[in-house]
Amino acid sequence: MIIQQLQDHRVVLVNQDSFYRGLTKDELKRDHEYNFDHPDAFDTEQLVETLIKLKSGQSVQVPVYDFKLHQRASDRYQQVNASEVVILEGILVFHEQRVRDLMNMKIFVDADPDVRLSRRIRRDTVERGRDVHSVLEQARL
């Protein structure tokens, strides 16, 4: 809806999920126990660098994360061109001060916990190849 309201502007959407860091071999052995909802799950340095470049008018290559393998695709990137408006979306985008400092405007969108869980189950089972049990276990972490 926000993007629709900005119809007269060039808008790009950057998803924080693209900046998950790849799991180590040890973490992969226990991937069902790994907390993907923790700030350490993300490559914050690369996210900050990406935002700085976009704000300065440069295009960037955003990593593509493979949620089934828990790794970044080594040969795939998404081209994001500089735009008038950059929307950064993600559950922990407000955690890092450097990221917050790069924002001109901050909007927090909240939803009912049942709605959030329903959306997460749908997304993770359809798009990320997970089963309902593992999604529910992760939601409890």
Side-chain angles (χ1 to χ4, degrees), residues 1-7 9-141:
M1 289 175 52
I2 294 171
I3 292 173
Q4 290 172 350
Q5 293 296 318
L6 295 169
Q7 61 190 354
H9 300 276
R10 289 188 351 228
V11 180
V12 293
L13 177 66
V14 176
N15 193 309
Q16 185 183 29
D17 286 0
S18 298
F19 295 89
Y20 274 115
R21 62 174 186 75
L23 297 187
T24 65
K25 289 180 183 181
D26 288 337
E27 291 167 337
L28 281 170
K29 293 175 187 173
R30 301 179 321 277
D31 65 340
H32 60 285
E33 298 173 5
Y34 187 78
N35 186 357
F36 290 93
D37 296 335
H38 190 278
D40 291 342
F42 296 95
D43 183 346
T44 303
E45 295 305 318
Q46 186 173 20
L47 175 61
V48 169
E49 290 172 17
T50 297
L51 292 175
I52 289 170
K53 287 179 181 177
L54 285 171
K55 281 196 73 161
S56 70
Q58 299 176 53
S59 296
V60 295
Q61 297 282 320
V62 173
V64 174
Y65 191 81
D66 186 324
F67 291 94
K68 294 177 184 174
L69 299 176
H70 304 297
Q71 296 294 324
R72 290 182 178 179
S74 60
D75 60 344
R76 291 182 42 218
Y77 291 88
Q78 177 185 358
Q79 176 75 23
V80 177
N81 295 321
S83 293
E84 295 175 77
V85 178
V86 177
I87 296 177
L88 174 62
E89 180 276 329
I91 62 170
L92 294 171
V93 294
F94 295 144
H95 179 266
E96 173 66 39
Q97 181 68 47
R98 294 175 299 161
V99 173
R100 289 193 311 271
D101 289 344
L102 289 166
M103 297 177 181
N104 296 82
M105 180 185 296
K106 301 166 195 70
I107 301 173
F108 181 82
V109 179
D110 194 16
D112 181 82
D114 291 338
V115 172
R116 291 193 309 258
L117 181 59
S118 171
R119 289 176 181 168
R120 182 179 213 150
I121 290 171
R122 188 176 329 115
R123 179 199 66 197
D124 287 3
T125 57
V126 173
E127 297 175 20
R128 298 182 180 179
R130 299 183 57 204
D131 61 55
V132 174
H133 177 73
S134 70
V135 176
L136 293 173
E137 284 297 312
Q138 181 182 348
R140 292 185 346 173
L141 291 177

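Quick note: residue numbers are just sequence positions, from 1.
Taking OH from Tyr65 and CG from Asp43, the interatomic distance works out to 11.5 Å, rounded to the nearest 0.5 Å. Within the model, atoms CG of Leu92 and NE2 of His38 stand 9.0 Å from one another, a figure rounded to the nearest 0.5 Å. Distance check: Glu33 CD to Glu27 CD gives 11.5 Å after rounding to the nearest 0.5 Å. Atoms CG and CD1, from Asp17 and Ile91 in turn, are 7.5 Å apart once rounded to the nearest 0.5 Å.
Partners of Phe19 under the ring-ring contact (aromatic ring centres under 6.0 Å, His included) rule, at least two apart in sequence or in another chain, do not exist in this structure. For Lys53, the salt bridge (charged side-chain N to carboxylate O under 4.0 Å, His left out) test picks out no residue, with sequence neighbours left out. Partners of Glu89 by side-chain hydrogen bond (donor to acceptor under 3.5 Å, both in side chains), not counting sequence neighbours, listed by chain and number: Asn15. In terms of the side-chain hydrogen bond (donor to acceptor under 3.5 Å, both in side chains) criterion, residue partners of Gln97 (sequence neighbours excluded) are, by chain and number, Arg100, Asp101. Considering only residues two or more places apart in sequence or on other chains, Asn81 meets the side-chain hydrogen bond (donor to acceptor under 3.5 Å, both in side chains) condition with Ser59, Gln79.
In this structure, Glu45 pairs ionically with Arg98, as a charged nitrogen and a carboxylate oxygen lie closer than 4.0 Å.
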Distance-only donor-acceptor pairs under 3.5 Å for side chains of residues 105-112, two or more places apart:
{"residue": "Asp110", "atom": "OD1", "partner": "Arg116", "partner atom": "NH1", "Å": "3.0"}
{"residue": "Asp112", "atom": "OD2", "partner": "Asp114", "partner atom": "N", "Å": "3.0"}

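In this structure, the side chains of Val85 and Ile3 stay at 4.5 Å or more apart for every pair of heavy atoms. Using a 4.5 Å heavy-atom threshold, the side chains of Val14 and Val60 count as separate. Within the 4.5 Å cutoff, side-chain heavy atoms of Phe36 are placed close to those of His70. At a threshold of 4.5 Å between non-hydrogen side-chain atoms, the residues Phe42 and Leu47 do not count as touching. Looking only at side-chain heavy atoms (C-beta outward), Gln16 and His95 stay at 4.5 Å or farther from each other. By the 4.5 Å heavy-atom criterion applied to side chains, Ile121 and Leu136 are counted as neighbours.
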Could you walk me through whether Phe94 and Met103 satisfy the side chain to side chain contact (heavy atoms under 4.5 Å, CB included) test, starting with their C-alpha distance in whole Å, then the side-chain angles of each, then the deciding distance to 0.1 Å, before giving a yes or no?
CA-CA 10 Å; Phe94 295 144; Met103 297 177 181; 3.7 Å; yes
Run the numbers on Leu23 and Gln71 for side chain to side chain contact (heavy atoms under 4.5 Å, CB included), then give the verdict.
CA-CA 6 Å; Leu23 297 187; Gln71 296 294 324; 4.1 Å; yes
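Evaluated for a side chain to side chain contact (heavy atoms under 4.5 Å, CB included) with Ser18, the options Val64, Thr50, Val62 yield exactly one hit, Val62.
For Ser83 against Val12, the heavy-atom pair with the smallest separation is OG-CG1, 3.0 Å. A pairwise comparison of heavy atoms in Leu88 and Val93 identifies CG-CG1, 3.6 Å as the closest pair. Scanning both residues, Leu28 and Leu69, for their nearest heavy atoms gives CD2-O, 3.6 Å.
Using a distance-only test at 3.5 Å, with no hydrogens or angles considered, a donor-acceptor pair links the side chain of Glu84 to the main chain of Arg10.
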